[in-house]
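Presented below is the structure to which this report refers.
The shown structure was predicted, so the numbers you read here are calculated from the model rather than taken from an experiment.
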Amino acid sequence: MKLRVGSLAVLLTTVSHVTLAQDTTVLERIEVTAGRSTATIGSEPEAYAGGQVARGGRVGLLGNRDFLDTPFNITGYTSQTIENQGARTVADVLANDPSVRSTHASGGMLDSFYIRGFPLNEGNFGEVAFDGVYGVAPTYRLFTDYAERVEVLKGPTALIYGISPNSGVGGTINIVPKRAGDVDLTRLTTDYASDLYGGGHLDFSRRFGEERQFGVRFNGSYHGGDTGIDNQSRNVAVGALALDYEGEGFRATLDVIGQREDFDAPQRPFFPTAGIEIPDAPDGRSNVQEPWEWSKSEDLSWLGRVEYDLSDNVTLFGAVGGGNSRVERLFGTPVILNSAGDVSITPQNFVFDVDRLTAETGVRATFDTDAVEHTVTFQVSGLEQSLARGSNSGTAQLTNLFNPLPRPRQDVPQPSHVPRVSENVFYGVALSDTMSMLDERLQLTVGGRWQRIDTENYSPATGAVTTSSDEDALTPLVGIVVKPWDNVALYANYVEGLSVGDSAPTTAINAGETLAPYRSKQYEIGTKVDLGRMAVTVSAFQIEKPFGQLEASGGGLVFVEGGEQRNRGLELNIFGEVTSEVRVLGGVTFIQGELTKTNSAATRGNTPIGVPSVQVKLGAEWDTPFMEGLTLTGNVIHTDEQYVNTANTQEIPSWTRLDLGARYLTEINQKPVTFRAEVENVFDLDYWSGVASFGTISQGAPLTVQVSMTTDF
C-alpha cells in the first residue's frame, strides 16, 4: 500500500478552469492498491477531458472498465454534468444521450425510457440498476441527489446484470451512488424554477479515522411550489446517507435512500382512440388534470456491499439490498376522442405497493496462462419483487385538450383492500472470462448466465394463481476488443437478452398459459477513438426481440411466441474538449425498426410503436474570453416522427428543441460561489414529446426557466 498526502481542497468547475483554494485541509489517508484490479468499490474510472463523462463505467458482472476496454457502447455522465445542467432527475441527465428517449410527460409522476428503440422502466417494476444491481433503485422517480454518475450501457444485459425486472432489452441504466471523497465537502445549492417552484439541497461529506478509512456522505433536499404546468403543484423531499469503509484488503459500503413526491394535478400521457387523426399538441402549460387530482409516492431503498481481497489477485464480493415503493393516487388516464381534442377522463383511486429484495455474491480473480491474462468472475444472484394493487373507479368526465374545462370533484374512495397481483423471483449463476493478449491489444470476453424465472400472477378477487411460469434459460455473451493503436479500439459483441414470457389471453385455446422466456439477440460492431481531449464512438447494432401473439390452430386461436421486432441502428457519440474553452457532448442515432414477424400481413414490415428513425442530441459549452468565470451553454434535441399504433395509421410529428444556459463562478467572502441559469425550450415549442410502448403520447415541457446558486463552506 501507499500513502496519499493531504492537500488543500480544490473546487474545479466543469468548463471555466478557474481554481479556487479553500481552507479545508485533507489529512493523510491510506490508499490500498493491493487487489484493486479485481475490486469495484473505490475504483471507478476517472473523468474524461472536460469532466462531462467518465472514461468508462460499471459493467455489471465484468466490474469497472475503461471505455476502450469494453466491448459495448457505454457512457457515464458525471456529477459535474448533473450539477452544471441543474438535472434534478435521471431523465434530465439522459436528455444528453442520443440513444435514450424519455416516454413520460414532463409534469408526470414517473420516469420511463426507450433505449435503442425498446422500452425501459414502463409498468410498476423498476428497471434501473443501483451500484450494479437491480431491485434497489426507487421504482417510479429517480432523483440525482444520490447519484455520483448515471451510466448507460446499451444493448441486452442479461449476462451482465441479470434479467431485467420488466424485460427491458435495449440497455441498462445504472446509478453510481455518491461517496465521501478525499476532500471534505459542505455544499449548499438553492434553486428556483418557473412559476413558483424552488428549494434547497445540502451535500455533506466527511472522512474519519487515523487513515481516513471511514466515509460519510449525506444528501438532503426539499423542493416545493407551483410548477410551470397549469393547476399543478409539487413537493419533493429526498434524503440519502452513504457510508463506506476502505481498509487494508477490506471495503464496505451502505446506502440508505428515502424520498417522497406529492403532486396536485400531475400530468398524464394521453391514449388516442383508434382511427382518429392525432390532434396537434396543446400548449405545453395546458393541463387537463384538475387540482383535486393528486398522487403521493414514497420510496425507501437500501444496499449493503462488501469486498474482501484474498490476495492481490482474488477478491470476494457480496451485496444485499431492497426497498419498498408505495403510490397512492387519484386521477384518470385521459382518452383523446377525436381530432378536435375532446378528451374523456375517468378518475380512479389506485394504490400500488412494490416490495423488492436482491442479493449477490461471488469472486473475481486475475491470473495468467502462458501469454494470456485472465480476469474471471463467478457470481450467484437473486431478485424477488412483488406487486400489490387495488383500485376504485369514478365516472367518465369530458374536457378538451386546447380548452380544458373545469371538472367537478369526484370523491372516489380509496380501495379498502390492496391484494397481491404478481410476484417474480429470478435467481441464477453467471461466469465470465476476459482474456487479454498481446499487451491488451486483443481482449476476448466470453461468458454465460443460467437463470431461473419463477413468476406468478394472482386473481385480485380470490388470490388464486391465474398464470405462472417456472422456467430456466442460459444466455451467452461473446465480446471482442482489438486495439491496433493505443487510442483506437475496434469491438464486436453477440449477446442475448431475456424477457419474461407473456401470458395467453382469455380468447386463446391455451388461456392462462405463460410462455417460456423470450430470448432477444444482439449483434453489434463499433469503433472507439480517443484523441486525448476528445473521443468518438461509432456503433452499428441489430436487436431481435420476440413477442407473443394469437395464431390460428385447429379451429381456434392459440397464443404462441410468433412475433418479432427487429431494430437496426447506427450510433455516433462525441464527447470531450474541442479546445480548452469549448466542450461538446452528444451525438446522433439512426434506427430502422421493423415488425418482422406478426400474425397479420397488414402489420408485417411496419415500424414498431414509438421508434423514431433519427434522434439527435448535441450540447456545447463555451468559457467566454471576455468575462473570466462565465460559461455559456446550449443543447439541441431533435426527435423524428413516431408511430402510435402497429398499423402505422397514427403518428406524432418530429420536433426540435433548443435549450440555453449560463453559469458564473466567482468568490464571495473567500468562498467559491457558482450561479447557474437554464432555459428549457427557448422558443416555447408545443410538441408531443414521445410515445410509450402501449400507445400513449405525452406533452413536451413548456418554456421553463431555472436559476440556482451553489456555495461551498
Side-chain angles (χ1 to χ4, degrees), residues 33-40 43-46 48 54-76 132 151 153-161 307 309-317 362-379 429-450 474-496 521-532 535-541 573:
T33 58
R36 284 297 188 162
S37 60
T38 53
T40 60
S43 62
E44 293 81 9
E46 63 184 7
Y48 193 78
R55 280 205 57 92
R58 178 67 176 271
V59 193
L61 177 74
L62 305 181
N64 296 328
R65 293 288 184 90
D66 187 272
F67 82 106
L68 288 178
D69 296 323
T70 305
F72 302 96
N73 187 328
I74 183 171
T75 306
E151 300 173 338
L153 194 158
K154 293 149 193 173
T157 58
L159 168 71
I160 296 170
Y161 286 97
E307 291 182 344
D309 299 329
L310 292 178
S311 69
D312 289 357
N313 306 106
V314 181
T315 297
L316 296 175
F317 61 86
V363 59
R364 184 173 292 111
T366 61
F367 58 90
D368 297 342
T369 57
D370 294 329
V372 181
E373 300 175 356
H374 296 263
T375 300
V376 175
T377 304
F378 174 78
Q379 179 199 66
V429 177
L431 178 65
S432 71
D433 183 6
T434 296
M435 293 164 276
S436 299
M437 294 154 274
L438 304 177
D439 195 23
E440 298 188 348
R441 291 190 179 274
L442 174 62
Q443 301 178 46
L444 175 66
T445 299
V446 296
R449 182 185 293 267
W450 174 86
L474 179 65
T475 50
L477 160 69
V478 179
I480 188 170
V481 175
V482 179
K483 294 181 179 179
W485 302 278
D486 289 342
N487 66 327
V488 176
L490 311 177
Y491 77 93
N493 67 64
Y494 170 79
V495 62
E496 292 187 3
K521 299 177 181 179
Q522 173 177 278
Y523 307 87
E524 179 179 0
I525 60 173
T527 302
K528 304 175 184 180
V529 182
D530 181 0
L531 300 175
V536 178
T537 67
V538 180
S539 307
F541 65 88
N573 296 83

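Nearest heavy atoms, Ala39 versus Ser43: O-OG, 3.1 Å. Nearest heavy atom pair, residue Leu153 against residue Tyr161, reads CD1-CE1, 4.5 Å. Across all non-hydrogen atoms, the minimal contact from Ala535 to Phe67 is CB-CZ, 4.0 Å. Here the closest non-hydrogen pair linking Glu496 and Ala158 is O-CB, 3.5 Å. The two residues Ala430 and Leu61 make their nearest non-hydrogen contact at CB-CD2, 3.9 Å.
Counted by atom type alone, Asn313 and Thr366 present one or more donor-acceptor pairs between their side chains at under 3.5 Å. Tyr491 and Ser539 are linked by a side-chain donor-acceptor pair at a separation below 3.5 angstrom, with hydrogens and angles left out of the test. Side-chain atoms of Glu524 and Asn493 include a donor-acceptor pair closer than 3.5 Å. Side-chain contact check for Thr434 and Arg65: at least one donor-acceptor pair (N or O, by modelled atom type) lies under 3.5 Å.
In this structure, Asp309 contributes its side chain and Ser311 its backbone to no donor-acceptor pair below 3.5 Å. Looking at Glu151, its side chain does come within 3.5 Å of a backbone N or O of Arg58 through a donor-acceptor pair.
Side chains of Met435 and Val446 form a contact here, defined as non-hydrogen atoms less than 4.5 Å apart. With a 4.5 Å cut-off on side-chain heavy atoms, Arg55 and Leu68 count as touching. The closest side-chain heavy-atom distance from Asp66 to Pro45 is not below 4.5 Å. At a threshold of 4.5 Å between non-hydrogen side-chain atoms, the residues Thr38 and Glu307 do not count as touching. Here the side chains of Phe72 and Leu477 are in contact, with some heavy-atom distance below 4.5 Å. Counting only heavy atoms from C-beta outward, the side chains of Thr75 and Lys154 approach each other to under 4.5 Å. The side-chain heavy atoms of Val481 and Glu440, taken from C-beta on, include no pair separated by under 4.5 Å. Contact check for Val478 versus Leu444: side-chain heavy atoms found under the 4.5 Å cut-off.
If you take CZ on Arg364 and CG on Leu310, they are separated by 13.0 Å, rounding to the nearest 0.5 Å. For the atom pair CD (Glu44) and CG (Asn64), the distance works out to 5.5 Å, reported to the nearest 0.5 Å. With rounding to the nearest 0.5 Å, the separation of OG1 in Thr157 from CD in Gln522 is 10.0 Å. The line from OG1 of Thr70 to CD of Gln443 is 8.5 Å long, rounded to the nearest 0.5 Å. Of the inter-residue distances, the one linking Thr40 atom OG1 with Leu62 atom CG reads 12.0 Å to the nearest 0.5 angstrom. Note: Leu431 CG to Thr377 OG1 = 8.5 Å, rounded to the nearest 0.5 Å.
Relative ring orientation between His374 and Phe367 is described as parallel, the plane-to-plane angle staying below 30° on a 0-90° scale split at 30° and 60°.
Looking at Thr537, Asn73, Val538 one by one, the single match for side-chain contact (heavy atoms from CB on, under 4.5 Å) with Lys528 turns out to be Thr537.
For Phe378, the ring-ring contact (aromatic ring centres under 6.0 Å, His included) criterion is met by no residue, not counting sequence neighbours.
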**Request:** Carefully, step by step, assess Ile160 and Arg449 under the rule side-chain contact (heavy atoms from CB on, under 4.5 Å).
**Result:** CA-CA 8 Å; Ile160 296 170; Arg449 182 185 293 267; over 6 Å; no
**Asked** Given the rule in the side-chain contact (heavy atoms from CB on, under 4.5 Å) test, do Asp69 and Lys483 qualify, once you have shown the distances and angles that lead to the verdict?
**Response** CA-CA 9 Å; Asp69 296 323; Lys483 294 181 179 179; 2.4 Å; yes
